[in-house]
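Structure record follows, encoded as structure tokens.
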Amino acid sequence: MLQHWMAGTGRPLRGTLAIPGDKSVSHRAVMFAALADGVSTIDGFLEGEDTRATAAIFSRLGVGIEMPSPSRRIVHGVGVDGLRAPDGPLDCGNAGTGMRLLAGLLAAQPFASVLVGDESLSKRPMRRVTEPLARMGARIDTRDDGTPPLRIHGGQALAGIAYALPVASAQVKSAILLAGLYASGETSVTEPHPTRDYTERMLAAFGVEIDFSPGMARLRGGQRLRATDVAVPADFSSAAFFLVAASIVPGSELRLRAVGLNPRRTGLLQALRLMGADIVEENPATHGGEPVADLVVRHAPLRGIEVPEALVPDMIDEFPALFVAAACAEGATVVRGAAELRVKESDRLAAMATGLRTLGLRVDETPDGATIHPGPLGGGTIASHGDHRIAMAFAVAAQRAGGRVRVEDVANVATSFPGFDALARGCGFGLES
Ligand code: S3P
């Protein structure tokens, strides 16, 4: 039977919370540590299903990975030329990041491999990576409609390219850069809007010479990686649900400890502040090369905004949370330029619009956005579409609902935020598993 939550108003939200490690950083840390010469330790590794799937894949590729304690991994790197052919298909689970980055890396190996994923990942577009990789000389087969499995032939000599990304995507950029590490000459990527730059920053930390600035990255093939230790900051995208929850529940005050504040991730912070949210940064520090700070959030009346389109890539994973903030604001909120939301773990524009309508709101959907008309929220049954962020967003919305909200199919929350429900209950959410 599918797991579900029953959620409804709880107490004012109070307390100090430790949010789990960043998903994007954890994927990359295990990949780059695996490719490095020497032993790397990763602290703060996200014990989510997505990132554990990536670690399991590298074990299958011959990399020794120890887990001395939860959220710590010791990775015995095999060097860029040390991966071993797997004995069967490699399962990326729900993780688009895992599959797309691995496509770039495995396309450059001397052996063949097959990448598979769960039902949601098996519907997601992969031509955005296979096309540029093919231009570099890779051979990768998808299904006719460009979806997984990815059958990677391997054994091809790759050549560097200069690639202008048609869509802003850190996953596509990263796949090309990883292939570029094995390609002849130089590989460069330019983006229509800057996206998260963890691949660039972390490759540099692993000793790779890489030139990058917002919207562009360039490296030379044939370089090696040198082992280094990685401290993973708390995931801003997971913190986002608590930022919105405390903002909309009267009497709330939460402290979220040492949250990663990479500017390419914190668009929601700016959007919430434009809406009138009361969020203060305290104890700023640098954690593994990334800016972090405690976020102290207090309840505040929110007003609707037109979300600036320039913020969209910097909050691409935060729209489910933003929709809930908008639902509880004064005045409509307009989202534009966010068509990418239709090809995430679910069609997030449709999933949020339908769910909020079930709770009694008017939401006008457009191909690349929506207008959310706030109002009193009622109860109802919400389909999460097996999408972790849709499920968590409606657990937050329920904290302001006049009735009980049943959120269906919530197991997928473990991909990015294991323990979300216990943490939420502990600080005051009305939420039963
Ligand atoms: C990610 C990039 C984004 C984001 C995803 C993680 C990454 O995807 O939505 O959750 O780690 O590079 P796109 O690159 O497809 O926008």
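What you see is a predicted model; the values in this text were computed from it and never measured.
Residues passing the ring-ring contact (aromatic ring centres under 6.0 Å, His included) test with F429 are F242, sequence neighbours excluded. Residues passing the side-chain hydrogen bond (donor to acceptor under 3.5 Å, both in side chains) test with T97 are Q171, sequence neighbours excluded.
Side-chain contact between D278 and V296 is absent, with no heavy atoms from C-beta onward closer than 4.5 Å. Using a 4.5 Å cut-off on side-chain heavy atoms (C-beta onward), R124 and V343 make no contact. With a 4.5 Å cut-off on side-chain heavy atoms, L150 and T142 count as touching. At a threshold of 4.5 Å between non-hydrogen side-chain atoms, the residues V189 and V172 do not count as touching. By the 4.5 Å heavy-atom criterion applied to side chains, D314 and P263 are not counted as neighbours. Inter-residue side-chain proximity for R255 and E282 is flagged as met; some heavy-atom pair is nearer than 4.5 Å. Counting heavy atoms from C-beta outward, L106 and L115 have side chains that approach closer than 4.5 Å.
If you take CZ on F32 and CG on L101, they are separated by 6.5 Å, rounding to the nearest 0.5 Å. Distance check: T51 OG1 to D22 CG gives 10.0 Å after rounding to the nearest 0.5 Å. We find the CG-OG distance between L102 and S113 to be 8.5 Å, quoted to the nearest 0.5 Å.
No side-chain N or O of K173 forms a donor-acceptor pair with one of T199 less than 3.5 Å apart. No side-chain N or O of R128 forms a donor-acceptor pair with one of S169 less than 3.5 Å apart. In the model, H153 has a side-chain atom that pairs as donor or acceptor with a side-chain atom of D141 under 3.5 Å. With no hydrogens or angles considered, a side-chain donor-acceptor pair links E318 and S237 at under 3.5 Å. Side-chain contact, E66 with H76: a donor N or O sits under 3.5 Å from an acceptor N or O.
When all heavy atoms are compared, the tightest approach of F420 to V413 is CB-CG1, 3.9 Å. Of all heavy-atom pairs spanning A34 and V75, the tightest one is N-CG1, 3.6 Å. Residues L311 and A271 come closest through the heavy atom pair CD1-N, 4.0 Å. Looking at every heavy atom in both residues, M99 comes nearest to G117 through CE-N, 3.8 Å. A pairwise comparison of heavy atoms in G337 and E309 identifies CA-OE1, 3.6 Å as the closest pair. The heavy-atom pair separating D235 from G21 by the smallest distance is CB-O, 3.6 Å.
Using a distance-only test at 3.5 Å, with no hydrogens or angles considered, a donor-acceptor pair links the side chain of Q223 to the main chain of E209. With R348 contributing its side chain and F319 its backbone, the two residues share no donor-acceptor pair below 3.5 Å. Remark: side-chain polar atoms of R273 are paired, donor with acceptor, to backbone N or O of I279 under 3.5 angstrom.
Applying the side-chain hydrogen bond (donor to acceptor under 3.5 Å, both in side chains) definition to pairs two or more places apart or across chains, those involving residues 80-91 are R60-D87, D81-R224.
The pair D145-K123 does not count as a salt bridge, with every side-chain nitrogen at least 4.0 angstrom from each carboxylate oxygen. Between D317 and K23, none of the side-chain N atoms (NZ, or NE/NH1/NH2) sits under 4.0 Å from a carboxylate O, so this pair counts as no salt bridge. Under the 4.0 Å criterion applied to side-chain N and carboxylate O atoms, R264 and D197 are not assigned as salt-bridge partners. The residues E47 and R73 are annotated as salt-bridged, a charged nitrogen and a carboxylate oxygen being separated by less than 4.0 angstrom. Looking at E306 and R336, a side-chain N of the basic residue comes within less than 4.0 Å of a carboxylate O on the acidic one, giving a salt bridge. The residues R265 and E290 are annotated as not salt-bridged, no charged nitrogen and carboxylate oxygen being separated by less than 4.0 angstrom.
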| request: Begin from the C-alpha positions of H373 and D364 and carry the test side chain to side chain donor-acceptor pair (under 3.5 Å) through to its verdict. | output: CA-CA 8 Å; H373 302 273; D364 304 323; 2.9 Å; yes
